[in-house]
Amino acid sequence: MNKWLSSKIASDIGRHLGSSSDEVEVYAYGLENFLNNMLELLLLFVFASLLGLLIPAFLVLIAYGLIRVPGGGAHLKTFPRCLTCSLLLMLGLAKLSQMLPLRFEWAMVAIIVLAAGGLSIIRAWVPAGTEKKQVTAVHEIRQQKQITSLTLLLNVLIAVILLYCGYNSLANAVLLGWLCGLLVITPWGYKLFHTLDHGMDIMEGRCAM
């Protein structure tokens, strides 16, 4: 649905602007990504509200996005798969954040350790590209490492502030969000996504028989 709608809108825009077919494809790709993201946000808002997880779910999402957007990482093959897994992941981590009874001292230790580990992961694997999109320019690689390091430190600052204010479960949500964002950057994250894709391919093949 989003693909069809974005193609139609892009065609109309291209017709009015006199754009080439290549430019129309770029418009369509950007619009499709925008519509997909809006749909994911809407569904997350609805399900998180119904489950009483609105604030922790969005803190997980923000922390995850602060790492994921500049750092890159693994993707599933299709948008429905990405949508389903993303919703389950965000809601699951939001719920888990409420179930972790970390005391202040242990939470601070976890933040420090994961921040140090995160900087090491960023140094080793950012930018984490895909088969279709790889960053090879040295200055772009350096820039993405710097931006991702800064967004990680922003996550750390948010988590520490929440912790000092007594919102331990919300600090856990931020911590889990950035941990997940770091995971998909690593080779283990790529292997996990590959395994998920392979398993879904098998399931879809059996359903089609």
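- Of all non-hydrogen atoms in A74 and F193, the two that sit nearest each other are O-CE2, 3.5 Å.
- Interatomic distance, L196 CG to H198 NE2, rounded to the nearest 0.5 Å: 11.5 Å.
- Between F58 and L61, the closest side-chain pair of non-hydrogen atoms falls below 4.5 Å.
- Hydrophobic clustering (ILVMFWY, side-chain heavy atoms < 4.5 Å, transitive): M90 and F45 are in one cluster.
- For the atom pair OG1 of T148 and CG of L182, the computed distance is 9.5 Å after rounding to the nearest 0.5 Å.
- Looking at every heavy atom in both residues, S149 comes nearest to K145 through OG-O, 2.8 Å.
- With hydrophobic clusters built from ILVMFWY side chains whose heavy atoms lie under 4.5 angstrom apart, L88 does not share a cluster with L93.
- Here I202 contributes atom CD1 and D197 contributes atom CG; the two are 11.0 Å apart, rounded to the nearest 0.5 Å.
- Side chain of Q144 to main chain of P70: a donor-acceptor pair is present (N/O by atom type, distance under 3.5 Å, no hydrogens or angles).
- Put simply, the side chain of L50 reaches to within 4.5 Å of the side chain of V46, judged on heavy atoms.
- A donor-acceptor contact shorter than 3.5 Å is absent between the side chain of T84 and the backbone of R81.
- Taking OH from Y167 and CG from L59, the interatomic distance works out to 11.5 Å, rounded to the nearest 0.5 Å.
- V156 and A115 make their closest contact through CG2-CB, 3.7 Å (heavy atoms, listed as atom of the first residue, atom of the second, distance).
- Considering CG of L183 and CG of L89, their distance stands at 9.0 Å, rounded to 0.5 Å.
- By the 4.5 Å heavy-atom criterion applied to side chains, M200 and P80 are not counted as neighbours.
- Taking all atoms of both residues into account, the shortest heavy-atom contact from I141 to P127 is CG2-CD, 3.6 Å.
- No continuous path of hydrophobic side-chain contacts links I111 to L153 [ILVMFWY only; heavy atoms under 4.5 Å].
- There is no path of hydrophobic side-chain contacts, each under 4.5 Å, that joins I112 to V160.
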Which donor-acceptor pairs under 3.5 Å do side chains of residues 172-179 form with protein atoms, sequence neighbours excluded?
from	atom 1	to	atom 2	distance (Å)
N172	ND2	S97	O	3.3
N172	ND2	L100	O	3.2
N172	ND2	N168	O	3.4

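- When every heavy atom of R68 is checked against every heavy atom of V184, the shortest pair comes out as NH1-CG2, 3.1 Å.
- Under the 4.5 Å side-chain criterion, counting only non-hydrogen atoms from C-beta, Q98 is in contact with L53.
- Here the shortest heavy-atom pairing between A171 and A159 reads CB-O, 3.6 Å.
- Linking Ile, Leu, Val, Met, Phe, Trp and Tyr residues whenever their side-chain heavy atoms come within less than 4.5 Å leaves L157 and L162 in two separate clusters.
- Annotation: the span from M108 atom CE to F104 atom CZ amounts to 5.5 Å, rounded to 0.5 Å.
- Considering only heavy atoms from C-beta on, L66 stays 4.5 Å or farther from L152 through its side chain.
- Looking only at side-chain heavy atoms (C-beta outward), V69 and I147 stay at 4.5 Å or farther from each other.
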